Amino acid sequence: MTTVPWRDRALPAAVRVDDLLSRMTLEEKTAQLYGVWVGAATDGEGVAPHQDEMSEPVDFDEVITRGLGQLTRSFGTAPVDATLGAQALARAQRRIVAANRFGVPAIAHEECLAGFTTWGATAYPVPLAWGATFDPALVEEMARRIGHDLASVGVHQGLAPVLDVVRDLRWGRVEETIGEDPYLVGTIGTAYVRGLESAGIVATLKHFAGYSASVGARNLAPVRAGAREFADVTLPPFEMALREGGARSVMAAYNETDGVPASADPSLLTALLRETWGFTGTVVSDYYGVGFLQTQHRIAGTRAGAAHAALAAGVDVELPTLRCYGDPLAEAVREGTVPEALVDRAAHRVLLQKCELGLLDEDWAPEPATPVDLDPPHNRELARRLAEESVVLLDNPEGVLPLAPDTRIALVGPRADDPLAMLGCYSFPSHVGTLHPETPWGIEIPTLVDALRTELPDAKITYTPGCDVSGDDTAGFAEAVARAAEADVCVAVLGDMAGLFGRGTSGEGCDAEDLRLPGVQGALLDALAATGTPVVLVLLTGRPYALGRWEGRLAGAVQAFFPGEEGGPAVAGALSGRVNPSGRLPVSVPRRPGGQPWTYLQPPLGLASQSSNLDPTPLYPFGHGCSYTSFAWEDFTRDDTAGGQEPEIGTGPEIGTDGTYDVSVTVRNTGDRAGAEVVQLYLHDPVARVTRPDMRLIGYQRVELVPGEARRVTFRFHPDLSSFTDRTGRRVVEPGALELRLAASSADVRHTAHLTLTGPERVLGPDRRLRCETTVSAPVPE
């Protein structure tokens, strides 16, 4: 039997794709450039912006006669049993294969931000909680499990991770980000990409680029970031996830920066992404992003004009459904207003990815193994570990925590007895489930009330909500105060309700005017604190809120960022002491609700000064977190000394601008509980040709220790980590003095090392070193 070249697995993928493309009509090529979304809502209660305006009926049977690029969210649109959903997806793929001349199936994509966003799948902690773990290996393990679950039902592509660096804490999608530091976002995000890709799933980096720097923290608003902020804060996580993680797809962002929409920016999607970074995968639009070039950005007057602008910039696939890349694009090509070469370029990339996924092979089969279980015990165990590591103990000044096992506890607050308090807006129950109130969640989500009663069976626990998450009803305050007054300790469980487009207090399209606790929750906390009973604040949120109003008035404070389906037991374990909190803040906790935006990455003029009456210094800084044990940082050494007096800035050892320099410290658990310390390495550049952040993270290491145990942590600094974008747009390593700071947070520096870079200035290319090499020794004897 003779096999046509594009079916021949012995040939290089590019040769196979060239052969297939040469056989396709224009309509068949454009069909590879869009998805179809069956069952999408059109009533204003959708899961994408302007979904009701942008969705139009599609004749599926007619459309697939040309072939089809993608199937959009077969599992994530409405509740569906995983086994039945997998069988339905396989049937849809068989219909697509049978309908088009070449028998090429579609790529099926799904959301997977905090787990596979489908009914009955494990709901993991949100990305902000991943950042709080400072544990890339655990995040990679989670992503691998998510990838296996996606693959088990026939999905090929996952729309995650989000690599936007937080720039304004009021933004609703802070919960979807990993934090406010590009190094933390890059390393944790890259770990997620590695895990997802290791399971054979195409990871899609979101949102490329600048989306989180929107004016006023409003979703889908303009971005006015400067070129150097863009290069040094926004872009590095994407570069790392591509170069080190191997991501095979990138999603173009909704935003425009300085008047140019990302989806129509060839300098971003082609010159930088492909020509400089060497990316060879596919660029997909955010949902309706191509159409928005006409309807929102108004840089195109027609659908064909929007298609031309996006295709020329480098957007290969229009998601979620066909609008501009279908007939309008084909007609424009025939009229000569859009070069067919642009269609060929995008179709080649799409088909190349299909070839790599095995979708062009004759023996490809869509039928999944059945039955399918998307929330097995090992998933839940992993979700529990992530949740436990992400809990941040903000403060414990009176030692009230851990709670005594037989104490009287008044559990108060609107987040204590609601399963949704644990979930972010891209977990299926919050994302889609709330639109189907008749359908059960599909997974077990213990509330904090239930979990704490299980955790402390001998404690006397009373519960009352006190108020709602939002709104101004204070009728429940009296009962809450009464319960607190008669208890030994009051645990106030406050926070957010995740939702979409104003249907929550956190999540996509749920931006905040300021950083006050939502509704009357702040007033409830005031009333509880006034009882004289020690109050422990537990926050279940998607962003940090200003807590300076209660400084010195609380017996303890615990922060959990939507910790997932096992978040209740994880937080309860932290309150009881079964779990020793080890999370560190991936975002600063502000002192005051106004004066935003602010993150710790500030040059001198962004810090507190006599020039303004507004002090932006946070109450709890980036990297902060307490523990129930204590740690000693011993035997600090540098390459040039074995300890001793630290030289002044500019008088330290000299290394070349392409050299290396080691700093080491021994961390010992000096308490009586096992725990984890997070050693953080920051860079301070005292003089540079452009203003630089006063300090920024360039390395970190999580170290788990039993009582009395010690390990030695060594960071190998390379000057590439000090590089920045100069006035000409070049990334340079500049000779001069630097200071390395070993710290427990961005405001808790334990040791410093001064050094001077000598030799010529170096201009860096895409092969620069992106991360700090870190080693941890075997246990060090006492």
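It should be emphasised that the depicted structure is a prediction, and the values quoted were computed from it without experimental measurement. Atom set for the values below is all heavy atoms of this structure, side chains included, hydrogens, waters and symmetry mates excluded.
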Which residue, Arg66, Arg23, Arg101, forms the side-chain hydrogen bond (donor to acceptor under 3.5 Å, both in side chains) with Glu28?
Arg101

I need the minimum non-hydrogen distance between [X] and [Y], along with the two atoms involved.
| X | Y | result |
| --- | --- | --- |
| Gly154 | Ala108 | O-CB, 3.8 Å |
| Val250 | Leu273 | CG2-CD1, 4.2 Å |
| Cys112 | Leu196 | SG-CD2, 4.1 Å |
| Ser263 | Ala253 | OG-O, 3.5 Å |
| Glu508 | Asn219 | CG-ND2, 3.8 Å |
| Leu360 | Trp6 | O-CZ3, 3.9 Å |

Is the shortest side-chain N to carboxylate O distance from [X] to [Y] below 4.0 Å?
| X | Y | result |
| --- | --- | --- |
| Glu239 | Arg768 | yes |
| Asp361 | Arg16 | yes |
| Glu331 | Arg303 | no |

Side chain of Arg9, backbone of Gly358: donor and acceptor closer than 3.5 Å?
no

Thr122 side chain to Leu374 main-chain N or O, any donor-acceptor pair under 3.5 Å?
yes

Checking Tyr325 now: which residues fulfil ring pair (Phe, Tyr, Trp, His ring centres under 6.0 Å) with it, not counting sequence neighbours?
none

Not counting sequence neighbours, which residues clear ring pair (Phe, Tyr, Trp, His ring centres under 6.0 Å) with His308? List them please.
none

For Phe102, does the six-membered ring have the charged nitrogen or CZ of Lys29 within the cation-pi criterion, i.e. under 6.0 angstrom from the centroid and within 45° of the normal?
no

Phe75 ring center near Trp119 ring center (under 6.0 Å):
no

Could you state the interatomic distance from CG (Leu113) to CH2 (Trp130), rounded to the nearest 0.5 Å?
5.5 Å

